[in-house]
There are 2 protein chains.
Amino acid sequence: MLKHSKQRDAILANLRSRYDHPNADMIFANIREEIPNISLGTVYRNLALLAEMGEILKIGPSEDGKERYDGHTHPHSHFFCENCGEIYDIGEIFDTRNLEEKLHICIHEASTTLKGICKGCLHSQKQF
Amino acid sequence: MLKHSKQRDAILANLRSRYDHPNADMIFANIREEIPNISLGTVYRNLALLAEMGEILKIGPSEDGKERYDGHTHPHSHFFCENCGEIYDIGEIFDTRNLEEKLHICIHEASTTLKGICKGCLHSQKQF
DNA sequence: TCAATGTTAGGAATCATTCCTGTTTTTATT
DNA sequence: AATAAAAACAGGAATGATTCCTAACATTGA
């Protein structure tokens, strides 16, 4: 069981309260407003610990090469729009249970990353 | 259209001929046996170009933090065994076309990474 | 064959992330 | 609330995969 600390609690609360998919820097910048002397290393360490505990998700690096995090751990996939850069949540798109039985494997973690053009961008005048 | 070079051709041929999921270093080490003076930078540059052209796939970093590549581009997903470290190919596990229509998006790239314990490891005596 | 353009080797630079060290905070126990 | 042990912290240095740079070399099309 993880101990509590002001810093760790703030990081988790921040991720839980938002619905985007920030990277370590973005979280660092936000937490700094409440805890001005928090260090970037602390943010990284706690993101790693929280992900390991299953409290949050690492959703893999975006185009910019930086790891992204998600405070909402129910099973879902992510869609990265290559035009506007937005990351969207989409529901479960396959049946994990079914797959485990069919392949005789045990799945601990499943992450699907889709890349393409989102609805909004498709409806703009631009061609893709 | 990409020009040909001994180095680029060797990298593509190497990836096409193998069925594992090597990282840049592993490819570098192999190609070096044929072309001893190839440089690591050349390997990286060509992997990036080949992936951009759709000739090969980047399948996302493994546990060791290194990007992996796949010379076989038909749509399929990957399963990483957390015990033995093996990466397995598994077929398509969801219907991309269906998803595009349902969500009104255009999908250029889809990659699913599953992590867990493979069949072989599950059948060993160890508990997971 | 030649010029234009693309590609290479080698090494330096980048930069997200991890590691290290001495200090501070939290927690569990009186 | 005092205390000791364990965990967490700040700050900065180190790491290391990947990218960038430049001068030399190779490929292509005419």
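Reminder, nothing fancy here: chain letters follow the sequence lines and each chain counts from 1. Because the structure is predicted, anything quoted here is derived from the model rather than measured.
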Q: Would you kindly give the CG-to-P distance between Asn23(A) and dA16(C), to the nearest whole Å?
A: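 It works out to 9 Å between those atoms.
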Q: Any base atoms under 4.0 Å from Asn46(A), or only sugar-phosphate, or nothing? Heavy atoms, all strands.
A: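 Sugar-phosphate only.
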Q: Does a nitrogen or oxygen in the side chain of Tyr44(A) sit under 4.0 Å from OP1 or OP2 of dT18(C)?
A: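 No, because none of the side-chain N or O atoms of Tyr44(A) sits under 4.0 Å from OP1 or OP2 of dT18(C).
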Q: Kindly say if Ser5(B) contacts the phosphate of dT8(C), meaning a side-chain N or O under 4.0 Å from OP1 or OP2.
A: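 The answer is yes; a side-chain N or O of Ser5(B) sits under 4.0 Å from OP1 or OP2.
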Q: Any carboxylate oxygen within less than 4.0 angstrom of a Lys/Arg side-chain nitrogen, looking at Arg18(A) and Asp20(A)?
A: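 The answer is yes: the pair qualifies as a salt bridge.
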Q: Name the closest nucleotide to the Arg45(B) side chain, picking from dT18(D), dA9(C), dC9(D).
A: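 Nucleotide nearest to Arg45(B)'s side chain: dA9(C).
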Q: Would Phe94(B) and Phe79(B) show up in the same hydrophobic cluster when neighbours are defined by side-chain heavy atoms closer than 4.5 Å?
A: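 In one cluster with Phe94(B): Phe79(B), yes.
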Q: Send over the distance from Arg32(A) CZ to dA10(D) C1', rounded to a whole Å.
A: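 It works out to 11 Å between those atoms.
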Q: Closest approach of Arg16(B) and Glu55(B), non-hydrogen atoms and distance?
A: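 Closest pair (atom of Arg16(B), atom of Glu55(B), distance): NH2-O, 2.7 Å.
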Q: Between dT5(C), dA17(D), dC9(D), spot the one nearest the side chain of Gln7(A), thanks.
A: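 Looking only at side-chain atoms, Gln7(A) lies closest to dC9(D).
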Q: In whole angstrom, give the distance that lies between atom CG of Leu40(A) and atom P of dC19(C).
A: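 Taking CG of Leu40(A) and P of dC19(C), I get 14 Å after rounding.
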Q: Starting from the 5' end of DNA chain C, give me the residue, Arg8(B) or Pro36(B), whose nearest nucleotide shows up first.
A: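 Of the two residues, Arg8(B) wins.
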Q: Would you kindly give the CZ-to-P distance between Arg68(A) and dT17(C), to the nearest whole Å?
A: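 Going from CZ in Arg68(A) over to P in dT17(C) covers 11 Å.
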Q: Could you give the CD-to-P distance, from Glu67(A) to dA17(D), as a whole number of Å?
A: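 So the CD-P distance, Glu67(A) to dA17(D), works out to 16 Å.
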Q: Between Ile35(A) (CD1) and dT25(C) (P), how many Å, whole number?
A: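 From Ile35(A) CD1 to dT25(C) P: 12 Å.
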Q: Tell me which nucleotide among dT27(C), dA17(D), dT5(C) gets nearest to the side chain of Lys3(A).
A: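 Selected nucleotide: dT27(C).
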Q: For Lys6(B) and for Lys58(B), locate the closest nucleotide of DNA chain D by heavy-atom distance; then report the residue assigned to the nucleotide nearer the 5' terminus.
A: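 Its nearest nucleotide lies further toward 5', so the answer is Lys58(B).
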Q: Nearest to the side chain of Ser39(B), which nucleotide is it out of dA17(D), dT18(C), dG10(C)?
A: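 That would be dG10(C).
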Q: Rounded to the nearest Å, what distance is computed from the NZ atom of residue Lys66(B) to the P atom of nucleotide dG16(D)?
A: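 One finds 9 Å between P of dG16(D) and NZ of Lys66(B), rounded.
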Q: Is Thr42(B) close enough to dA9(C) that one of its side-chain N or O atoms is under 4.0 Å from OP1 or OP2 there?
A: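 Thr42(B) to dA9(C) OP1/OP2: side-chain N or O found under 4.0 Å.
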Q: What distance separates His78(B) NE2 from Glu86(B) CD, expressed to the nearest 0.5 Å?
A: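 The distance works out to 11.5 Å.
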Q: Given dT18(D), dT28(D), dA9(C), identify the nucleotide with an atom nearest to the side chain of His4(B).
A: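 Selected nucleotide: dT28(D).
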Q: What's the CG-P distance between Leu50(A) and dA8(D), to the nearest Å?
A: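 For the pair Leu50(A) CG and dA8(D) P, the rounded distance is 11 Å.
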Q: If we count only N and O atoms by modelled type, under 3.5 Å, do the side chains of His74(B) and His72(B) hold a donor and an acceptor together?
A: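 No, no side-chain donor-acceptor contact under 3.5 Å.
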